[in-house]
Amino acid sequence: MKKSLMALAVMGAFAGTAMAANVTVYGVIDTGLQYQHVDTDGVANESTFEMSSGVMSGSRVGLKGSEDLGNGLTVGFVLENGFSSDDGKMGQGDRLFGREAQVNLSGSFGTIAMGRMGNLVSGNGTFGLAGGLSPFGTTWGEYAATPNNVMTTFDRYDNMVTYKSPTFSGFTAYAQYSFGTDNNNDFDGTEGKSSVDRYAAIGATYINGPLSLVAIVDQTNYSEKRWSADASVDTNTDVDDAISFTLGGSYDFGVTKLYASGQYFKDAMVDSVDRISSSMFDLEEDGSLFQMKGFGLTLGADVPLAGGTFKVGTAYMDGTIETVNKWNMSDTLIGEVDLTRWNTTVGYNYPFSKRTSVYGVASYSHNNVDVQSLDIDSNVIEAAVGLVHKF
């Protein structure tokens, strides 16, 4: 009895402290079953059926809080861990707070945040703006018709400073700068110097009733020196900086909500455009750096149906690899390499309550690489069902 009373007293003390500091513990657990069938020219067909985490929403647990400092100032923080609910492993390169780790100061001037966070051209965390460009956000499977599968720079970055302005007549402005995008990279460098990748972006949103618009311009300043898979070998290769222009939004008609977005990108790394090409066609290995220009487009809709939401979308990418930088070969690409992709997705989400829902999704992805006389197609069918619980 005494032990029980002591436990209750300790729990009460922690609860009182959390309430005083305005701290919230929250999370998402998304677990489902996923099927994939991949058919690539010249390669044996492959099918998998497995338990997966985070198909619709990335599984996570987080802490967020704020304190009123007076004089119109508020300090806040977000610490968010990503994990796989099927095996309990940590995500984002085994970082403890890999999804987000930032402290911020807010006032009449807006909000300034510092730490690790999602960039503007993403659907990640507090400041990612691209989640509203598609009915599927930036998830719903590896091959869904989402912006991050046909556009570039959807990521989280270390050493980031973000500014968010107050909202004026529906407009909100944003600016970001990362002194070093990834402290877990494979090459040495000094934060804030040209020896590391740096990132900068400006953006704006406009919200007026059912209309929501997003515009973003961002640039990645790649390191002056890139390293091969053998970290002792210096490429001594200058890499052109990447730039992209993104525009999109949505309009809610009530009976349906329409989404559309587009992006032009130049000198983007293939593996930053998306993970599909680099893994499917082995375009990023042995220290190679494939830079490409092109565009991506998405179109989709949400339709209320039978107490849930039916979702449909399509996405298209057309890109050309212009430069290959590699430590053991010349910087000139022999022959032009064209990449195209067409993804189509349908999905349905049914809420059992405000915190628990069930989902189903099916996607088809057609991918093509065309270089000289070599034309390779790869087709993927993906389907998943799962359960999401938020707390």
- Item | Backbone N/O of Thr190 and side chain of Ser195: donor-acceptor pair under 3.5 Å | yes

- Query: Looking only at atom types and distance, does a side-chain atom of Asn149 sit under 3.5 Å from a main-chain N or O of Glu142, one as donor and one as acceptor?
  - Reply: yes

- Test Glu100 against Thr126 for side-chain hydrogen bond (donor to acceptor under 3.5 Å, both in side chains), laying out the working first. CA-CA 8 Å; Glu100 189 162 351; Thr126 305; 2.7 Å; yes

- Message: Take a 6.0 Å sphere around CG of Asn71 and say whether it holds more than 12 heavy atoms from other residues, nucleotides or ligands.
- Response: no

- Message: Would you say Thr340 and Asp318 are linked by a side-chain donor-acceptor pair, where the criterion is simply a distance under 3.5 Å?
- Response: no

- Closest heavy-atom pair, Gly308 versus Tyr350, reported as atoms and distance to 0.1 Å, is N-CD1, 4.0 Å

- Note on the structure: To the nearest 0.5 Å, atom CD of Glu80 lies from atom CE of Met117 at 12.5 Å

- Task: Measure the OH-CD1 distance between Tyr163 and Ile112 for me, rounded to the nearest 0.5 Å.
- Result: 7.5 Å

- Message: Just so I know, are the side chains of Asn367 and Asp377 near enough to count as touching, which here means a heavy-atom distance under 4.5 Å?
- Response: no

- Query: Just by distance, do the side chain of Gln263 and the backbone of Thr246 share a donor-acceptor pair under 3.5 Å?
  - Reply: no

- Query: Can you name the closest pair of heavy atoms from Val61 and Phe83 and give their distance?
  - Reply: N-CE2, 3.9 Å

- Message: Would a single hydrophobic cluster contain both Met151 and Ile321, if residues Ile, Leu, Val, Met, Phe, Trp and Tyr are joined by side-chain heavy-atom contacts under 4.5 Å?
- Response: yes

- Note on the structure: The reported gap from CG in Asn159 to OG in Ser178 (rounded to nearest 0.5 angstrom) is 5.5 Å

- Task: Would you indicate whether the side-chain heavy atoms of Phe127 and Gln176 approach each other to under 4.5 Å?
- Result: yes

- Task: For this output row, return yes or no: ring centroids of Tyr199 and Tyr157 closer than 6.0 angstrom.
- Result: yes

- So, for Asp197 and Ser223, which heavy atoms are closest and what is the spacing to 0.1 Å? OD1-N, 2.7 Å

- Drop me the distance from Asp267's CG to Ile243's CD1, to the nearest 0.5 angstrom. 9.5 Å

- Any donor-acceptor pair under 3.5 Å from Thr139 side chain to Met56 backbone: yes

- Item | Hphob cluster co-occupancy, Leu96 + Leu63, side-chain heavy atoms under 4.5 angstrom | yes

- With a 4.0 Å cut-off, would you call Asp182 and Arg95 a salt bridge? yes

- Task: Would you check if the side chain of Lys311 reaches a backbone N or O of Pro135 as a donor-acceptor pair within less than 3.5 Å?
- Result: yes

- Item | Thr40 side chain vs Val43 backbone, donor-acceptor pair below 3.5 Å | no

- Pick one: which of Val121, Thr152, Leu133 meets side chain to side chain contact (heavy atoms under 4.5 Å, CB included) with Pro147? Leu133

- Are Val150 and Leu129 connected, step by step, through hydrophobic side chains (Ile, Leu, Val, Met, Phe, Trp, Tyr) whose heavy atoms are closer than 4.5 Å? yes

- Task: Decide whether Glu382 and Gln34 meet the rule of one side-chain donor and one side-chain acceptor closer than 3.5 Å.
- Result: yes

- Message: Please check this pair: side chain of Ser84 against backbone of Asp86, looking for a donor-acceptor N/O pair closer than 3.5 Å.
- Response: no

- Query: Taking the side chain as C-beta and beyond, is there a heavy-atom pair between Gln92 and Arg156 under 4.5 Å?
  - Reply: yes

- Query: What heavy-atom pair brings Gly203 and Leu120 nearest, and what distance separates the two atoms?
  - Reply: N-CD1, 3.8 Å

- Item | Donor on one side chain, acceptor on other, Asp241 and Asn221, under 3.5 Å | yes

- Message: Applying side-chain hydrogen bond (donor to acceptor under 3.5 Å, both in side chains) to Asn124 and Asn119, what does each step give before you reach the verdict?
- Response: CA-CA 7 Å; Asn124 301 326; Asn119 61 334; 5.0 Å; no

- Item | Reported CG-to-CG distance for the pair Asp39 and Asn379, which is rounded to 0.5 angstrom | 6.0 Å

- Item | Non-hydrogen side-chain atoms of Met269 and Tyr222 separated by less than 4.5 Å | yes

- Is the CE atom of Met51 crowded by more than 12 outside heavy atoms at less than 6.0 Å? no

- Starting from the C-alpha separation in whole Å, work towards a yes-or-no answer on side chain to side chain contact (heavy atoms under 4.5 Å, CB included) for Asn81 and Arg99. CA-CA 6 Å; Asn81 166 266; Arg99 292 182 62 92; over 6 Å; no

- Cut-off 3.5 Å, side chains only: do Thr309 and Asn349 have a donor facing an acceptor? no

- Message: Ignoring hydrogens and geometry beyond distance, is a side-chain donor-acceptor pair present between Ser85 and Ser53 at under 3.5 Å?
- Response: yes

- Item | Check: Thr172/Thr167 side-chain N/O donor and acceptor closer than 3.5 Å | yes

- Using atom types as modelled and distance alone, determine if a side-chain donor or acceptor of Arg341 lies under 3.5 Å from a backbone N or O of Leu339. no

- Message: Whether Lys64 engages the ring of Tyr26 as a cation-pi pair (distance to the six-membered ring centre under 6.0 angstrom, angle to the ring normal within 45°) should be assessed.
- Response: yes

- Message: Just verifying a value: how many Å separate Gln102 CD and Phe97 CZ, rounded to the nearest 0.5 Å?
- Response: 12.5 Å

- Is a donor on one side and an acceptor on the other found under 3.5 Å between the side chain of Asn343 and the backbone of Tyr143? yes

- Query: Taking all non-hydrogen atoms of both residues, which atom of Phe179 and which atom of Arg198 are closest, and how far apart?
  - Reply: O-CG, 3.5 Å

- Query: Would a 4.5 Å heavy-atom cut-off, applied to side chains only, mark Arg355 and His389 as touching?
  - Reply: yes

- Query: Given the rule that I, L, V, M, F, W and Y join up when any side-chain heavy atoms are under 4.5 Å apart, are Tyr348 and Trp140 in one cluster?
  - Reply: no

- Identify whether Leu258 and Val346 are in the same connected component of the hydrophobic contact network (ILVMFWY, side-chain heavy atoms under 4.5 Å). no

- Item | Check: Tyr316 and Leu299 side chains under 4.5 Å, non-hydrogen atoms | no

- Audit row: Asp375, Asn368, side-chain hydrogen bond (donor to acceptor under 3.5 Å, both in side chains) steps and yes/no: CA-CA 7 Å; Asp375 194 333; Asn368 175 264; 2.5 Å; yes

- Query: Is Tyr35 close to Ser47 at the side-chain level, that is, under 4.5 Å between some pair of heavy atoms?
  - Reply: yes

- Task: Show the numbers, then the answer: is there a side-chain hydrogen bond (donor to acceptor under 3.5 Å, both in side chains) between Thr298 and Ser261?
- Result: CA-CA 5 Å; Thr298 69; Ser261 67; 2.4 Å; yes

- Task: Could I get the full list of ring-ring contact (aromatic ring centres under 6.0 Å, His included) partners for Tyr206, not counting sequence neighbours?
- Result: Phe171

- Query: Judged by modelled atom types alone, do Thr138 and Asn148 share a side-chain donor-acceptor pair under 3.5 Å?
  - Reply: no

- According to the interplanar angle, ranging from 0 to 90°, do the rings of Tyr364 and His366 count as parallel (below 30°), tilted (30 to 60°) or perpendicular (above 60°)? parallel

- Examine distances only and state if a side-chain atom of Thr320 and a backbone atom of Asp338 form a donor-acceptor pair shorter than 3.5 Å. no

- Minimum-distance pair of heavy atoms, taken over all atoms of Tyr359 and Leu387: CE2-N, 3.8 Å

- Query: Can Lys390 and Asp30 be counted as an ion pair, charged N to O under 4.0 angstrom?
  - Reply: no

- Side chains of Gln36 and Glu50 in contact at under 4.5 Å (non-hydrogen atoms): no

